[in-house]
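Working notes for the structure below.
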Amino acid sequence: MAKLLPAQEAAKIYHTNYVRNARAIGVLWIIFTICFAIISMVVFIQPYWIGDSVDTPQSGYFGLFHYCIGNPITGELVCKGSALDFGSIPSGAFKTAMFFVGISFLLIVGTIGCFSLFFFCNAGSVYKICAWMQLASSTCMVIGCMIYPDGWDSEEVKRMCGQRTDKYTLGNCTVRWAYILAIISIMDSLILAFLAFVLGNRQDKLLPEDFQVEEKK
């Protein structure tokens with residue numbers, strides 16, 4: 001009958017632990033990918049990319065498409081802007097940034113959709129597909145974050161932040177948490193993409209399961 005030799009028994013144990021660790025890391029990668037998708041959605045929707053300070057002429061805040069500025073007479077916030085109405089977005093740069101951040105979010109949603117491929121395709125190939133999608137997502141987020149300040153010279157932003165405001169110069173306004181979260185999400189996406197590439201390569205290098213040899217007669 002088949003018998004495990006000592007060296008092969010050690011290899012079998014190594015293989016079992018190797019697979020177990022790879023699966024555990026893979027589960028963590030899936031969880032953090034879902035968390036990143038939630039972060040991307042929050043970054044896209046929330047209008048807190050830039051906002052007022054104690055020195056701004058008007059109170060208010062701006063997002064990718066939605067913004068609110070205080071009425072100079074009543075002080076009440078007047079909100080405008082919709083993702084479905086490009087004409088209501090105060091700057092072409094804001095429109096472009098919204099497009100790229102939106103694509104970044106859709107790519108992450110697509111990555112989550114690819115999780116179902118683990119049941120039908122080679123796991124290593126699925127990890128690599130997801131890795132490229134996450135890398136593309138981070139690239140789109142980088143472009144969106146870099147283009148967004150180009151719209152700070154719009155009249156609506158100057159109403160809130162003052163006339164010293166210009167492209168890539170925020171004047172009296174301040175960067176808010178959604179913009180900071182978008183920048184942090186870039187690093188998150190790059191780490192997830194790197195981890196997916198590593199997991200894909202680990203899957204390709206898994207040792208064969210059969211370590212048994214026939215005992216010599």
Side-chain angles (χ1 to χ4, degrees), residues 19-51 61-68 79 81-86 88-89 91 93-151 175-204:
V19 173
R20 185 184 295 115
N21 292 338
R23 287 176 179 172
I25 296 172
V27 170
L28 287 175
W29 172 80
I30 289 174
I31 292 172
F32 284 119
T33 297
I34 294 173
C35 291
F36 175 66
I38 296 171
I39 291 173
S40 297
M41 181 180 65
V42 170
V43 163
F44 182 79
I45 294 174
Q46 290 297 317
Y48 301 107
W49 281 55
I50 59 174
Y61 45 82
F62 278 77
L64 288 169
F65 53 87
H66 186 70
Y67 65 98
C68 298
C79 298
S82 170
L84 302 178
D85 182 9
F86 268 39
S88 65
I89 302 174
S91 169
F94 287 179
K95 297 174 186 177
T96 306
M98 182 191 74
F99 171 79
F100 279 105
V101 174
I103 292 297
S104 175
F105 172 63
L106 291 177
L107 283 168
I108 288 300
V109 172
T111 301
I112 295 174
C114 286
F115 292 168
S116 61
L117 296 178
F118 282 112
F119 298 102
F120 310 105
C121 305
N122 175 268
S125 299
V126 176
Y127 276 125
K128 290 174 183 177
I129 292 171
C130 292
W132 283 112
M133 293 179 70
Q134 289 175 331
L135 192 60
S137 174
S138 66
T139 302
C140 289
M141 188 66 77
V142 167
I143 295 172
C145 289
M146 291 179 66
I147 291 176
Y148 186 75
D150 193 64
V175 173
R176 292 290 182 88
W177 62 266
Y179 200 175
I180 296 172
L181 189 62
I183 296 171
I184 294 173
S185 72
I186 294 169
M187 298 303 300
D188 185 20
S189 183
L190 288 173
I191 292 171
L192 288 171
F194 173 77
L195 184 58
F197 277 122
V198 171
L199 288 169
N201 290 329
R202 283 175 67 109
Q203 290 293 324
D204 292 339

### Message
Can you confirm if the aromatic rings of Y148 and F94 lie within a centre distance of less than 6.0 Å?
### Response
yes
[atom1]-[atom2] distance between [X] and [Y], expressed to the nearest 0.5 angstrom:
| X | Y | atom1 | atom2 | result |
| --- | --- | --- | --- | --- |
| I30 | I25 | CD1 | CD1 | 12.5 Å |
| L199 | K128 | CG | NZ | 11.5 Å |
| C130 | L192 | SG | CG | 10.5 Å |
| W49 | W177 | CH2 | CH2 | 11.0 Å |
| Y61 | H66 | OH | NE2 | 5.5 Å |

### Task
Please confirm whether the backbone N or O of L195 pairs with a side-chain atom of Y127, one donor and one acceptor, at under 3.5 Å?
no
### Query
Between the main-chain N or O of L135 and the side-chain N or O of T139, is there a donor-acceptor pair closer than 3.5 Å?
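The answer is yes, because a donor-acceptor pair under 3.5 Å joins these two groups.
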[X] vs [Y] side-chain heavy atoms within contact, under 4.5 Å:
| X | Y | answer |
| --- | --- | --- |
| I183 | M141 | no |
| F197 | W132 | yes |
| Y179 | P149 | yes |

### Task
Quick one: list whatever passes ring pair (Phe, Tyr, Trp, His ring centres under 6.0 Å) with F99, sequence neighbours left out.
none
How close do [X] and [Y] get, counting heavy atoms only, and between which atoms?
| X | Y | answer |
| --- | --- | --- |
| A93 | G151 | CB-N, 3.4 Å |
| S88 | G81 | OG-CA, 3.3 Å |
| A97 | G144 | CB-O, 3.5 Å |
| S82 | F65 | C-CD1, 3.8 Å |

### Query
Which residues satisfy the side-chain contact (heavy atoms from CB on, under 4.5 Å) test with I180, sequence neighbours excluded?
V175, I184
## Note on the structure
Residues passing the side-chain contact (heavy atoms from CB on, under 4.5 Å) test with T96, sequence neighbours excluded, are F100, I147
Going by atom type alone, with no hydrogens or angles, which donor-acceptor pairs under 3.5 Å involve a side-chain atom of residues 32-44 and a protein atom two or more places apart or on another chain?
residue	atom	partner	partner atom	Å
T33	OG1	W29	O	2.7
T33	OG1	Q134	NE2	3.0
S40	OG	F36	O	3.0

### disulfide (SG to SG under 2.5 Å) partners for C79, two or more places apart
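Scan of C79 (disulfide (SG to SG under 2.5 Å), adjacent residues dropped) gives C68.
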Going by atom type alone, with no hydrogens or angles, which donor-acceptor pairs under 3.5 Å involve a side-chain atom of residues 108-119 and a protein atom two or more places apart or on another chain?
residue	atom	partner	partner atom	Å
T111	OG1	L107	O	2.9
S116	OG	G113	O	2.9

